[in-house]
Amino acid sequence: MNQYLEHLNEPQKEAVEHTEGPLLILAGAGSGKTRVLTNRVAYLIDACGVAPWNIMAITFTNKAAGEMQERVEKMVGSGSGVWIATFHSSCARILRRYIDRIGYETNFTIYDTDDSRQVMKTVISRLNLNPKVYKERGILARISAAKNELIDPEMFRREAVTSDDCNIADAYRMYQQILKSNNALDFDDLLVKTVELFQSDPEVLAYYQEKFRYIMIDEYQDTNTAQFLFVKLLADRYRNICVVGDDDQSIYKFRGANIRNILDFEETFGGAKVIRLEQNYRSTQNILNAANDVISNNSARKEKHLWSDHGAGAKIRFRRFDTAYDEADFIARDIAERAASRKCPYSSFAVLYRTNAQSRMFEEKFVRENIPYKLVGGVNFYARKEIKDLLSYLKTIDNGMDDLACQRIINVPKRGIGQTTVGRIASFAAQQSVSFFEAALRAEEIPGIGRSASKVAGFTNQIERYRAMTDYLGVRELLETIITETGYRTDLEAEKTPEADARLENIDELISKAADFEETGGGAGLSEFLQQVSLVADIDTVDDTTDCVLLMTLHAAKGLEFDSVYMAGMEDGTFPGYLSINSGDPTELEEERRLCYVGITRAKKELTLTASRTRVVRGELYNMRTSRFVREIPDELIEMDQETGYGMRRDDRKEEQAQGYAGASRSVKTKMPAFRPRDFKVVKADHLDYTTGDRVRHVKFGEGTVQSIVEGGRDYEVTVNFDKAGVRKMFASFAKLEKLS
DNA sequence: GTTAGAAACAATCCT
DNA sequence: TGTTTCTAAC
């Protein structure tokens with residue numbers, strides 16, 4: 001038997017061997033689809049003699065792409081040449097080569113959400129739209145939705161009926177104009193423009209159709225219309241398309257994912273073969289049963305029969321606490337205890353929650369318990385101010401048309417170029433219809449610019465020098481030059497605050513990423529570096545070599561698995577989120593339920609669900625009911641907590657009536673200001689354990705010496721000279737300083 | 001032109 | 001609660 005068929009079950013084998021024609025693999029959670037995909041690639045190359053460069057595999061994350069690439073290379077030898085990438089990177093790669101055929105330049109910039117918002121702000125003010133009615137985020141959401149459906153500004157305009165829609169259509173058109181004049185694309189454009197390129201240039205399309213004779217798409221249930229068309233166009237010639245997905249794991253409707261893509265696959269690609277993978281190799285039967293019970297409450301889905309031969313395993317634990325504080329505390333301690341007693345690595349644990357805002361408390365508790373952890377998501381590394389500043393330098397150097405990047409750094413670090421000057425340059429640029437940078441080059445011509453002209457010239461000279469340097473300097477060296485010469489580093493070093501130090505660390509990290517890129521990038525240039533950097537997802541930065549607990553949202557956990565999973569915040573209003581409860585659209589609740597299904601099925605051996613009776617949302621405290629999803633799991637699968645009595649799973653009668661903030665309406669929320677978790681921190685201690693001159697430890701700043709203690713009305717104000725973090729003033733009740741003997 | 005402090009405002013999930 | 005924008009003073 002072929003080596004790539006060994007250790008596979010029957011349907012898996014069938015999936016690997018079915019190489020010609022359209023194939024739909026309905027792969028339940030944990031059914032070994034990644035294995036099937038990698039083996040299928042290897043099988044195509046080794047057994048069918050397909051050239052590696054004729055194969056394309058689309059994965060959901062860069063991380064998954066990297067892992068798959070690695071595994072394939074291990075099987076068929078290194079340098080396989082198979083194209084394995086995400087939709088977005090694939091499109092970026094294609095556009096880097098051919099976008100000049102549709103009127104952009106190949107060194108285009110990719111705008112992130114932040115950049116898009118900036119652009120939209122100008123659009124709103126230029127169109128004189130009422131900013132009270134038209135928020136950037138809202139308009140951008142509409143535009144994004146349109147792009148996902150491949151609706152361009154003209155079509156949007158034609159279909160607009162209300163005056164509101166007309167305004168949005170105008171905004172959409174102007175937004176695209178600005179992007180184009182900046183030679184920039186937003187995330188959605190990457191797909192839209194690639195499809196546009198394929199549709200308008202038969203030569204390019206034919207080239208890629210010929211190239212990608214075998215196409216595989218993972219997580220097909222989460223593709224949107226633009227992605228579907230991209231795939232459809234590419235596969236049209238050879239029709240060797242294999243898609244893998246699970247309709248129960250479709251969790252990206254908000255991003256335009258169209259579940260019809262997977263449901264209609266057989267019709268779209270006539271004669272498609274369908275294979276179901278229903279044996280689960282990941283979880284115990286208890287976990288699987290819980291997942292099945294929850295998901296069976298959804299109506300629109302393909303029935304499946306997932307089973308496992310791993311045995312029943314441990315019951316699912318459910319714990320309920322008074323506050324989210326206690327909840328986080330329990331999870332941190334529980335993990336610490338289990339990791340120690342079982343001698344299992346921290347990386348076998350994960351804490352999953354619905355929203356990033358929930359992560360804060362876990363971080364705090366994990367620091368306190370000394371548990372190594374990695375927070376996935378939150379503020380994206382590349383969204384940090386210092387990183388965006390430096391990247392804007394690179395963008396300005398790389399793409400002189402990117403006005404946004406240029407305006408961002410023209411006065412960073414301070415060069416004495418203020419708003420008024422920037423405004424004058426911008427209007428001159430508009431009037432002459434040149435880019436902002438070009439206008440800056442001709443600063444002397446700008447009326448009223450006065451003495452600032454020389455300052456502007458200093459900036460443009462600097463940028464032009466850097467541009468010349470790109471010929472002989474790599475990205476890393478260029479970055480280092482910028483950081484030193486502009487004084488960016490010295491400015492931060494002079495600050496001597498922990499925040500500035502953190503920024504410096506981030507900058508060093510960026511430099512090492514640049515160095516990394518130089519080593520592995522094969523001589524690729526600045527545009528490629530910037531592209532790679534703009535397309536990294538949070539989850540991509542997780543490396544499995546460091547042993548730590550992962551904290552992340554349920555969305556980010558997709559595709560991952562852990563021995564022990566903690567799902568926190570199992571409350572109506574938190575999860576499912578109140579928006580989905582109050583929307584009146586049952587499909588939104590079903591999507592949340594699928595998210596719950598995804599979460600449960602991440603667990604291999606152990607699943608712990610936790611909830612809190614109260615939760616602070618935007619500074620206000622609400623009473624919470626246990627999540628309906630918890631109640632959808634039958635009693636016999638759940639082990640409750642006897643010791644503390646916190647485990648009462650069903651809310652008692654009274655609580656059932658008490659209105660959580662997810663209740664029928666928002667007005668019935670219960671405010672309990674006296675109970676705010678913050679409040680009992682502000683209670684002044686009657687005495688302090690330490691006094692002036694004592695050595696103390698702070699959870700964040702480390703060790704230091706107490707310089708003075710001032711008794712204030714509500715609290716003691718303590719001044720501490722920390723060894724690492726310097727002198728800090730703080731309130732005793734917040735600082736929780738610990739005396740060192 | 002720059003800064004800090006106050007007021008206003010916000011609403012998942014992600015490339 | 002946390003962040004961004006506005007305003008007033010340096």
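Just so you know, these numbers use all the heavy atoms, side chains as well, and skip hydrogens, waters and symmetry mates. The sequence lines fix the lettering, A, B, ..., with proteins before strands; numbering per chain opens at 1. On a predicted model such as this, the values are computed, not experimentally measured, just so you know.
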Range-with-range stems of DNA chain B (Watson-Crick or G-U pairs under 3.5 Å, three or more in a row):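 Counting only runs of 3 or more consecutive pairs, the stems involving DNA chain B are B:1-10 with C:1-10.
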
Atom-pair distance (CD on A:Q118; P on C:dT5), nearest Å: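 Roughly 7 Å, once rounded to whole Å.
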
Have a look at [X] and say if it touches a base, only the backbone sugar-phosphate, or nothing, with a 4.0 Å heavy-atom cut-off.
X	answer
A:K253	nothing
A:D188	nothing
A:R451	nothing
A:D186	nothing

Plane angle bin for A:F187 and A:H88 - parallel if under 30°, tilted between 30 and 60°, otherwise perpendicular: perpendicular

Ionic contact status for A:D189 with A:K180, cut-off 4.0 Å: no

A:R360 bridged to A:E363 by N-O distance under 4.0 Å: no

Donor-acceptor pair between A:E493 and A:T490 side chains, under 3.5 angstrom: no

Sub-4.0 Å heavy-atom contacts from residues 126-135 of chain A onto DNA chain B, ordered by number: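 Close to the strand are A:K132, A:K135.
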
Selection: residues 84-91 of chain A, any non-hydrogen atom under 4.0 Å of DNA chain B: A:H88

